[in-house]
Amino acid sequence: MNTVVAELGRKYVERWVAMLVLPGLLYVAGAAAAYRLGHTHWADLGRLTGLVEEDGRSVSSVWLLAVVVLPVLSAAAGLAARGAAAMLGRLWFDPWPSGLGRAARQLTAARAARWEAAEAAFRAEPDRTPARLDALAARRNAVALVPPARPTWSGDRLRAVDVRVWGWYRLDVVFAWPRLWLVLTESEQNALRAARTELDSAVALAGWGVLTLLPALWWWPAVLPAGALVAVGLRRTRAAVDTLAHLTEAAFDLRGGLLARELGFAVAEGERLTPDVGARVTAHLRKHA
């Protein structure tokens, strides 16, 4: 057990250095360079020479800066970026707080109107060939897989897993997921972990983009890398959300029957889970909750 704890501790330190200190060092160096240049001399790279040595700093001061101050500032920058990423995750994935209720309702209504128009076009299309129906369905699904109830695409994509699993199997994802995880194979669990890691990484990248807006207060070109980081992070986030949602729904498709059997319900080997059995599984898992 001590070996396991030691190994976990070592990996935690490695991850802390990789996620906070190293990107933070780059950020702190860039912010210091931006402060040195300023708006007036934004392209004068010659002003960066002698940044550390000017003002007669001693060797001991330089070492203090390199060994103590920079790692602390880098870790602080990393924590700030994680805070920004958490804020973005709240906006992208969860219902918005009450202070943003009006904006959330307006965005949700606009997305719902687009979805309903695409759904109406799908239903009313006279050309019922598979190719035409697939094209119309793709247009509707690009808005959301289910009627929108969140202000963002990512929020509705994650919510769609709950709606679709409930509609098809009558399984409550909130109660069923912890039990389903225990019957997944190691490779299936690893695929889901990898998808979640990619999602966290994408949101973290966007968080660094938000934090990079701060140096733009004294060096306007910082807006460009900040915008690029947020845009790339958002694009990667959408892809990661879609992958994670597909894998989660696939876990219910492939292992829902196994979950029911493990809980003692009559589902034959190779037989898919029916809504009737799924409803009884959900009632069992909720335990009147």
Side-chain angles (χ1 to χ4, degrees), residues 85-86 88-97 104-105 107-108 111-112 115-116 119 137 140-203 236-289:
L88 290 176
R90 175 73 186 276
L91 292 176
W92 288 346
F93 309 141
D94 300 330
W96 286 9
R105 288 191 295 271
L107 288 173
T108 302
R111 299 187 66 253
W115 189 91
E116 289 167 2
E119 172 69 2
R140 178 198 61 200
N141 294 343
V143 180
L145 289 182
V146 295
R150 300 280 173 83
T152 65
W153 180 91
S154 294
D156 269 325
R157 183 66 186 92
L158 294 176
R159 173 181 163 273
V161 176
D162 299 59
V163 174
R164 286 159 62 85
V165 169
W166 173 258
W168 202 253
Y169 301 114
R170 283 298 184 265
L171 282 177
D172 187 315
V173 171
V174 173
F175 286 88
W177 177 250
R179 286 83 171 177
L180 184 71
W181 178 262
L182 297 178
V183 303
L184 297 180
T185 65
E186 184 177 358
S187 62
E188 291 164 348
Q189 292 178 348
N190 288 338
L192 286 160
R193 288 193 186 101
R196 179 54 195 264
T197 299
E198 174 59 25
L199 177 58
D200 291 342
S201 175
V203 178
R236 285 181 53 189
T237 296
R238 285 174 63 100
V241 163
D242 195 43
T243 299
L244 181 60
H246 275 301
L247 288 174
T248 303
E249 190 171 331
F252 283 96
D253 291 334
L254 296 175
R255 301 300 180 188
L258 175 59
L259 172 65
R261 284 197 300 275
E262 291 291 329
L263 292 172
F265 293 89
V267 179
E269 184 75 29
E271 182 179 329
R272 76 174 183 88
L273 184 67
T274 63
D276 177 64
V277 175
R280 288 189 284 135
V281 170
T282 293
H284 173 73
L285 296 180
R286 282 180 172 174
K287 301 177 179 68
H288 303 295

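Heavy atoms only: backbone and side chains are in, while hydrogens, waters and symmetry mates are out. Small disclaimer: the values here were computed from a predicted structure and weren't measured.
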Participant: Using side-chain contact (heavy atoms from CB on, under 4.5 Å), reason through Thr152 and Leu91 one step at a time and then give a plain yes or no.
Facilitator: CA-CA 8 Å; Thr152 65; Leu91 292 176; 5.8 Å; no
Participant: Working to the nearest 0.5 Å, report the span between OG1 of Thr237 and CG of Asp242.
Facilitator: 12.5 Å
Participant: Measure the spacing between CZ of Arg157 and CH2 of Trp153 and express it to the nearest 0.5 Å.
Facilitator: 6.0 Å
Participant: What's the shortest heavy-atom distance between Ala149 and Thr108, and which atoms?
Facilitator: C-CG2, 3.7 Å
Participant: Please give me the minimum heavy-atom distance between Val203 and Ala85, naming the atom from each residue.
Facilitator: CG1-O, 3.3 Å
Participant: Write down the atom of Leu247, the atom of Ala191, and the distance for their closest heavy-atom approach.
Facilitator: CD1-O, 3.7 Å
Participant: Any pair with a residue in residues 264-273 that passes salt bridge (Lys or Arg N to Asp or Glu O under 4.0 Å), sequence neighbours left out, goes on the list, sorted by first then second residue, please.
Facilitator: Arg261-Glu269
Participant: Nearest 0.5 Å, what's the OG1-CG distance between Thr282 and Leu171?
Facilitator: 4.5 Å
Participant: May I ask you to test the Glu116-Pro147 pair for a side-chain heavy-atom distance under 4.5 Å?
Facilitator: no
Participant: Go through Val183 and Leu180 one step at a time and tell me if the side-chain contact (heavy atoms from CB on, under 4.5 Å) criterion holds.
Facilitator: CA-CA 5 Å; Val183 303; Leu180 184 71; 4.0 Å; yes
Participant: Would you compute the distance between atom CG of Leu199 and atom OG1 of Thr243 and round it to the nearest 0.5 angstrom?
Facilitator: 9.5 Å
Participant: Kindly compute the distance separating OH (Tyr169) from CG (Leu259), expressed to the nearest 0.5 Å.
Facilitator: 12.0 Å
Participant: How long is the straight-line distance from CZ of Arg164 back to CG of Asp253, given to the nearest 0.5 Å?
Facilitator: 8.5 Å
Participant: How far apart are the closest heavy atoms of Val267 and Ala260, and which atoms are they?
Facilitator: CG2-CB, 3.8 Å
Participant: Run the side chain to side chain donor-acceptor pair (under 3.5 Å) test against Arg196 and tell me which residues pass, sequence neighbours left out.
Facilitator: Asp200
Participant: Any non-hydrogen side-chain atom of Val241 less than 4.5 Å from a side-chain atom of Phe93?
Facilitator: yes
Participant: For Val163, which residues count as a side chain to side chain contact (heavy atoms under 4.5 Å, CB included) partner, sequence neighbours excluded?
Facilitator: Val146, Arg159
Participant: Can you see which heavy atom on Arg238 is nearest to which on Ser154, and at what distance?
Facilitator: CG-OG, 4.1 Å
Participant: Could I get the full list of side chain to side chain contact (heavy atoms under 4.5 Å, CB included) partners for Arg105, not counting sequence neighbours?
Facilitator: Arg102
Participant: I need the full list of ring-ring contact (aromatic ring centres under 6.0 Å, His included) pairs touching residues 266-285, with sequence neighbours left out, sorted by first then second residue.
Facilitator: Phe265-His284
Participant: If you compare all heavy atoms of Ala144 against all heavy atoms of Trp115, which two are closest, and at what distance to 0.1 Å?
Facilitator: O-NE1, 3.0 Å
Participant: Tell me, please, which residues at least two apart from Thr274 pass side chain to side chain donor-acceptor pair (under 3.5 Å).
Facilitator: none
Participant: Return each pair, listed once, that meets salt bridge (Lys or Arg N to Asp or Glu O under 4.0 Å) where at least one residue sits in residues 180-195; pairs must be two or more places apart or across chains.
Facilitator: Glu188-Arg255
Participant: Taking Trp166 for its side chain and Val173 for its backbone only, find out whether a donor-acceptor pair lies under 3.5 Å.
Facilitator: no
Participant: Does any non-hydrogen side-chain atom of Leu285 lie less than 4.5 Å from one of Leu263?
Facilitator: yes
Participant: Please enumerate all residues that pass side chain to side chain donor-acceptor pair (under 3.5 Å) together with Asn141, with sequence neighbours excluded.
Facilitator: none
Participant: For Arg150, what residues pass the salt bridge (Lys or Arg N to Asp or Glu O under 4.0 Å) criterion, not counting sequence neighbours?
Facilitator: none
Participant: May I have all residue pairs that pass side chain to side chain donor-acceptor pair (under 3.5 Å) and include part of residues 171-180, sequence neighbours excluded?
Facilitator: Asp172-Arg286
Participant: With side chain to side chain donor-acceptor pair (under 3.5 Å) as the criterion, how do Ser187 and Thr185 come out once you've worked through the C-alpha distance, each side chain's angles and the decisive distance to 0.1 Å?
Facilitator: CA-CA 5 Å; Ser187 62; Thr185 65; 3.2 Å; yes
Participant: With sequence neighbours left out, what residues match Gln189 under side chain to side chain donor-acceptor pair (under 3.5 Å)?
Facilitator: none
Participant: Could you work out, with salt bridge (Lys or Arg N to Asp or Glu O under 4.0 Å) as the rule, every residue matching Arg111, not counting sequence neighbours?
Facilitator: Asp156
